[in-house]
2 protein chains.
Amino acid sequence: MNAPAPRRTRIQQEKRELILEAALEVFSMHGFRGSTIDQIAEAAGMSKPNLLYYFRRKEEIHETLIQRLLDTWLAPLRELDDVGDPLTELRSYIRRKLEMARDYPRESRLFANEILQGAPRIMPLLEGELKSLVEEKVAIIKDWMRAGKIVRTDPWHLIFSIWATTQHYADFDVQVRAVLGPDLGGEGRFEDAARFLEQLFLDGLKPKASPN
Amino acid sequence: MNAPAPRRTRIQQEKRELILEAALEVFSMHGFRGSTIDQIAEAAGMSKPNLLYYFRRKEEIHETLIQRLLDTWLAPLRELDDVGDPLTELRSYIRRKLEMARDYPRESRLFANEILQGAPRIMPLLEGELKSLVEEKVAIIKDWMRAGKIVRTDPWHLIFSIWATTQHYADFDVQVRAVLGPDLGGEGRFEDAARFLEQLFLDGLKPKASPN
DNA sequence: CAAATTTTTGACCGGATGGACAAACGTTAG
DNA sequence: CTAACGTTTGTCCATCCGGTCAAAAATTTG
């Protein structure tokens with residue numbers, strides 16, 4: 001399906017990296033249609049034709065960005081496995097997702113933009129890779145429920161709500177900071193969010209009968 | 001500050017309404033920059049110059065849409081008051097928000113688009129009206145906590161997480177449906193989500209000591 | 001009906017934007 | 001030095017898009 005990755009010199013690699021970094025900044029802020037090649041070129045410190053020497057089309061930059069994003073984006077969920085204690089596993093999943101919202105807000109917004117617009121470029125991936133990954137993790141969670149390790153609830157919507165609450169702090173960051181104001185909206189907001197989410201999910205999920 | 005609303009004939013009102021309906025469809029899908037006047041005009045069944053006879057600029061449509069949206073959008077939160085039982089109040093707030101995600105997904109996406117792009121047009125409103133509304137409701141929630149009606153937790157992030165989880169079903173609807181698949185992703189998904197969220201928030205918030 | 005007013009449309013304009021291209025520039029290898 | 005190759009840039013083009021305008025069509029008013 002994919003063409004073989006062409007050989008590239010070290011300089012080409014670096015320039016392409018520079019462009020991708022700049023494009024991430026621009027795309028995540030203005031969306032695909034709202035961003036211009038000129039903006040990206042300027043952010044990357046080069047001229048438009050020069051940028052087009054490294055990426056032939058605007059879409060090519062976007063595609064590369066999205067593709068690269070998805071690998072790192074799903075990593076936390078991939079790491080969720082059934083070897084550890086369920087509550088510990090879920091806690092560190094939530095924490096990792098929140099850390100990603102804090103450390104990679106641009107990636108999160110790029111993804112959000114894509115989904116908002118109907119996911120035209122990644123629909124197959126959502127229905128394929130993502131769907132089966134979630135199914136795999138849902139199975140694990142169901143096992144935990146059957147074993148009485150966590151309360152019975154809907155595992156799909158549990159995952160959705162973890163996604164929603166954590167990504168909210170990246171995608172809606174402007175709103176969060178505006179509402180919290182200067183006092184509460186500083187860097188500490190992620191600590192507060194982490195504490196809150198841990199309490200929300202883990203107290204909500206902890207079995208009432210025999211808390212061990 | 002605002003110019004007085006000009007007198008309009010019934011026909012003008014209807015046409016403007018038609019245009020706003022079409023624009024909501026288009027803007028919520030492609031964002032402001034990604035939408036063209038031609039698209040909106042075609043969706044409204046009229047020519048571009050004709051549309052521009054009713055709205056002089058593209059921005060004017062968008063502003064009208066956003067302004068109208070915000071009133072209805074914050075209505076559920078406004079209704080949250082301290083007269084009823086706290087858990088009942090929160091339950092119906094969550095339910096109303098989820099119903100809005102189900103019944104007005106385009107409005108939700110329009111709002112999400114605006115926030116994602118840094119809220120350039122509504123920042124003052126976020127820092128003003130929204131902030132003080134949230135502060136007001138945070139005070140109520142704090143009272144409930146002091147009175148032992150609900151567990152102590154961070155009221156700001158409680159509100160954020162209600163926003164995040166409910167709006168997720170509108171903004172990320174494509175992803176939700178893709179992951180759930182045809183079986184689970186039907187209309188029942190909102191019922192499932194409602195049940196899950198109620199359990200998540202209310203069990204998580206219910207005081208452990210004396211549940212009454 | 002006829003004048004006045006409102007609504008609709010085709011044609012057009014100017015600027016922005018994605019992209020092409022050839023020439024210039026720089027670097028490396030013989 | 002110079003030929004070959006990789007990189008950079010100025011210029012240009014076609015298209016898209018927001019918005020204008022005058023004239024035609026429809027509607028209302030007298």
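Reminder, nothing fancy here: chain letters follow the sequence lines and each chain counts from 1.
- Remark: P of C:dG19 and NE2 of A:H62 are 13 Å apart, rounded to the nearest angstrom.
- For A:I61 and C:dG19, the CD1 to P distance is 9 Å, given to the nearest whole Å.
- Taking atom NE2 of A:H30 as the reference point, atom P of C:dT17 lies 11 Å away to the nearest angstrom.
- Between A:R33 and D:dC16 there is no side-chain polar atom (N or O) within less than 4.0 angstrom of OP1 or OP2.
- With respect to A:R189 and A:D173, a salt bridge is recorded, a charged nitrogen being found less than 4.0 Å from a carboxylate O.
- A cation-pi geometry, defined here as NZ or CZ lying under 6.0 Å from the six-membered ring centre and within 45° of its normal, holds between A:R121 and A:F32.
- What separates CZ of B:R16 from P of C:dT7 is a distance of 12 Å, to the nearest Å.
- C:dC12 atom P lies 17 Å from atom CG of B:D38, rounded to whole Å.
- Between the CD atom of B:E60 and the P atom of D:dG18 there is a distance of 15 Å, rounded to whole Å.
- Aromatic rings from B:Y169 and A:H157 are positioned such that their centres are separated by under 6.0 Å.
- Side-chain atoms of A:D85 and A:T88 include a donor-acceptor pair closer than 3.5 Å.
- The interatomic distance linking B:F55 (CZ) with D:dT20 (P) rounds to 15 Å, in whole Å.
- Taking the six-membered ring wherever Trp is involved, the centroid distance between the rings of B:F55 and B:H62 does not fall below 6.0 Å.
- Taking atom CZ of B:R56 as the reference point, atom P of D:dC21 lies 12 Å away to the nearest angstrom.
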Hey, what are the protein-to-nucleotides 6-12 of chain D N/O distances that come in under 3.5 Å?
| residue | atom | partner | partner atom | Å |
| --- | --- | --- | --- | --- |
| D:dT7 | OP2 | A:Q12 | NE2 | 2.9 |
| D:dT7 | OP2 | A:Y53 | OH | 2.8 |
| D:dT8 | OP1 | A:K15 | NZ | 3.2 |
| D:dT8 | OP2 | A:N50 | ND2 | 3.3 |
| D:dT8 | OP2 | A:Y54 | OH | 2.5 |
| D:dT8 | O5' | A:N50 | OD1 | 3.3 |
| D:dT9 | OP2 | A:S47 | OG | 3.2 |
| D:dT9 | OP2 | A:N50 | OD1 | 3.4 |

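- Residue A:L52 is classed as a base contact, given a heavy-atom separation below 4.0 Å to a base.
- Because its NZ or CZ atom is both nearer than 6.0 Å to the ring centre of A:W73 and within 45° of the ring axis, A:K97 counts as a cation-pi partner of that residue.
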